Asks: 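Pasting a structure here, questions to come.
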Amino acid sequence: MEIVLINAPVTKVSPHSKLALPLGLAYIASVLIQEGRTVSAIDFNISGLNLRRVDNIVKKKPSVIGISAHTETYPNALIIAKRIKELDNSISIVLGGPHASILPEQVLLEDAIDYVAIGEGEATMSELVRYLVDGEGQPEDIKGIGYKDADGKINLNQRRELLDPDALPYPARDLFPLEFYEEQWNISTARGGCPFQCPFCSASFIWEGRRRPRSPENIIEELRMLYEKRGATYTFFSEDLFTINKKWVKKLLELINQLEYPIQWGCATRVDVVDEELLSDMASAGCRSIQFGVESGSQRILDSVKGITKEQVVKVIKTCKKLDINVASSFMIPFPQDTKETLRETKEFIKKLYDCGSRIYMSYTSPYPGTHFYRNKEELGIKILTDKWDEFDAKHNIIETKHLSNQDIEELVNEIVQYTGLKKRA
């Protein structure tokens with residue numbers, strides 16, 4: 001066993017979040033395997049955090065262990081890393097994922113973490129493994145990493161150039177227990193963030209709004225493989241803003257329609273980057289579900305954080321239902337400017353969309369590191385009520401605002417849940 005890749009688990013599972021194949025780790029694994037490395041992978045979201053499995057990994061004497069973590073899963077990543085180091089301090093531990101990319105210096109303060117991978121991990125891990133396993137090169141020359149030198153000084157290297165997503169091999173899905181995932185055939189259609197830079201999203205901080213789509217032809221070849229060789233029946237295109245480039249979407253739809261068999265798929269996007277013609281074309285090409293980020297039912301709040309109108313939302317939801325596309329609308333509560341009045345507007349709007357046939361996903365606002373909300377919390381009047389990263393999970397309230405106390409927020413959320421018949425995230 002040469003390299004082990006681990007997906008750190010959430011502490012509290014949400015009934016609204018689908019268990020999906022960790023594509024980032026699967027891509028890193030495929031690149032390393034292509035280079036002749038022996039790679040295994042564990043997703044602790046499947047089994048839950050089980051330290052006996054960590055002990056068994058260490059017994060097999062891997063050279064490098066890479067751990068992927070979001071903010072919510074970072075504390076569990078540290079538990080795993082510390083256990084590894086307790087058993088065998090010679091194993092090199094690399095932490096990657098959004099949390100390490102945003103707060104690399106803080107992560108490197110942990111004794112159990114030897115390196116952080118910042119941004120895209122495929123080429124960075126490839127080069128780092130050559131150093132750690134083969135003794136080639138020096139850490140100061142590896143772009144995209146942070147590390148501690150012999151004196152314990154933290155060093156952050158130059159960012160790595162962004163990858164061409166078409167140049168990557170398909171993700172190594174077979175390393176993971178596919179039968180346990182609700183979204184086992186998800187496909188990454190683009191790399192990078194979106195240009196809208198919403199204040200609650202950290203993607204724009206990591207990627208600076210630079211979206212790099214795969215070519216439609218490249219995506220079609222992966223679709224063919226999944227449907228013809230793997231027996232896929234439904235695919236989710238894993239991207240926050242699938243329809244931002246309509247010309248690109250239409251080319252992909254054209255190629256899907258040329259397949260010898262029908263496929264079914266879903267995506268996520270915004271209501272202001274679709275229209276009836278595009279939605280009709282998507283439905284004809286097998287689109288069966290779309291999730292829209294709506295966020296609020298107050299137009300004043302939408303103007304400040306999203307730039308969409310309630311009328312746009314209703315029109316798009318009704319169009320989707322007319323075209324037999326299942327639709328979900330996601331909301332966040334509260335925003336810094338929210339008041340009791342605006343949240344009651346949100347309550348009424350959620351009920352309206354539900355009555356139009358939309359599923360509703362509702363989460364608590366978590367000001368993640370790197371977001372505008374986190375970086376400007378004092379100016380915005382946001383008081384974060386915890387210093388524990390695993391509580392940044394959007395499943396319970398962790399903030400107060402200048403207009404709403406924690407008690408106010410909980411009472412208003414319960415009011416929304418009872419009024420609309422929703423299930424509260426727990």
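Owing to the predicted nature of the structure, the values given are computational and were not obtained by experimental measurement. Starting from 1, each residue takes its place in the sequence as its number.
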Asks: Would K148 and E110 pass as an ion pair if we require N to O under 4.0 Å?
Replies: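 No, no charged N to carboxylate O under 4.0 Å.
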Asks: For R211 and I244: C-alpha separation, side-chain torsions, deciding distance, then whether side-chain contact (heavy atoms from CB on, under 4.5 Å) applies.
Replies: CA-CA 10 Å; R211 177 182 183 266; I244 185 63; 3.5 Å; yes
Asks: Is the CD atom of E179 crowded by more than 12 outside heavy atoms at less than 6.0 Å?
Replies: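 Above 12, so yes.
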Asks: Is atom OH of Y354 surrounded by more than 12 heavy atoms (other residues, nucleotides or ligands) closer than 6.0 Å?
Replies: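 No - once you tally the heavy atoms of other residues, nucleotides and ligands closer than 6.0 Å, there are 12 at most.
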Asks: Could you check T269 against T243 for side chain to side chain donor-acceptor pair (under 3.5 Å), going step by step and ending with a plain yes or no?
Replies: CA-CA 6 Å; T269 191; T243 60; 2.6 Å; yes
Asks: Salt bridge check: are D275 and K246 linked by an N-O gap of less than 4.0 Å?
Replies: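 Salt bridge flag = yes for K246 with D275.
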Asks: Between D111 and K85, does any NZ, NE, NH1 or NH2 come within less than 4.0 Å of an OD or OE carboxylate oxygen?
Replies: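 No.
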Asks: Is the shortest heavy-atom distance from the side chain of C320 to the side chain of I290 under 4.5 Å?
Replies: yes
Asks: With a 4.5 Å limit on heavy-atom distance, are the side chains of L95 and Y74 in contact?
Replies: yes
Asks: Can the ring centres of W185 and F236 be said to be less than 6.0 Å apart?
Replies: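 So the answer is no for these two rings.
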Asks: Using the ring of Y419 (Phe, Tyr or Trp, six-membered ring only), decide whether R344 places NZ or CZ under 6.0 Å from its centre and within 45 degrees of its axis.
Replies: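 Not satisfied by the 6.0 Å and 45° rule.
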Asks: Heavy atoms, side chains only, cut-off 4.5 Å: are Y181 and N186 in contact?
Replies: no
Asks: Between the side chains of E311 and K352, is the shortest nitrogen-to-carboxylate-oxygen separation below 4.0 Å, so that they form an ion pair?
Replies: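 Not counted as a salt bridge, because no side-chain N and carboxylate O are separated by less than 4.0 Å.
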Asks: Name each donor-acceptor pair under 3.5 Å that joins a side chain in residues 301-310 to protein atoms two or more places apart or in another chain, with its distance.
Replies:
from: D303; atom 1: OD1; to: Q299; atom 2: NE2; distance (Å): 2.8
from: S304; atom 1: OG; to: I301; atom 2: O; distance (Å): 2.8
from: S304; atom 1: OG; to: Q337; atom 2: NE2; distance (Å): 3.2
from: K306; atom 1: NZ; to: G293; atom 2: O; distance (Å): 3.3
from: K306; atom 1: NZ; to: E295; atom 2: OE2; distance (Å): 3.4
from: T309; atom 1: OG1; to: Q312; atom 2: N; distance (Å): 3.0
from: T309; atom 1: OG1; to: Q312; atom 2: OE1; distance (Å): 3.4
from: K310; atom 1: NZ; to: G297; atom 2: O; distance (Å): 2.9

Asks: Stepwise, does the side chain to side chain donor-acceptor pair (under 3.5 Å) test hold for E35 with S126?
Replies: CA-CA 8 Å; E35 295 175 350; S126 171; 2.6 Å; yes
Asks: Taking the ring centre of each residue, are Y368 and W389 less than 6.0 Å apart?
Replies: no
Asks: Return yes when atom NZ of K321 has more than 12 non-hydrogen atoms of other residues, nucleotides or ligands closer than 6.0 Å, and no otherwise.
Replies: yes
Asks: For side chain to side chain donor-acceptor pair (under 3.5 Å), just list the numbers for E2 and T38, CA-CA rounded to whole Å, side-chain angles, deciding distance to a tenth of an Å, and then say yes or no.
Replies: CA-CA 5 Å; E2 192 173 38; T38 301; 4.6 Å; no
Asks: Any ion pair linking K322 and E276 (charged N to carboxylate O, less than 4.0 Å)?
Replies: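 Looking at E276 and K322, the cut-off is met.
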Asks: Between side-chain atoms of residues 87-94 and protein atoms elsewhere (two or more places apart, or another chain), which donor-acceptor pairs fall under 3.5 Å?
Replies:
from: D88; atom 1: OD1; to: S90; atom 2: N; distance (Å): 3.0
from: D88; atom 1: OD1; to: S90; atom 2: OG; distance (Å): 2.5

Asks: Should the pair K377 and Y374 be classed as cation-pi, given the thresholds of under 6.0 Å to the six-membered ring centre and 45° from the axis?
Replies: yes
Asks: Counting only heavy atoms not in D355, do more than 12 fall under 6.0 Å of its CG?
Replies: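 Atom CG in D355 is packed in, count exceeds 12.
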Asks: Aromatic ring centroids of W248 and F242 under 6.0 Å?
Replies: yes
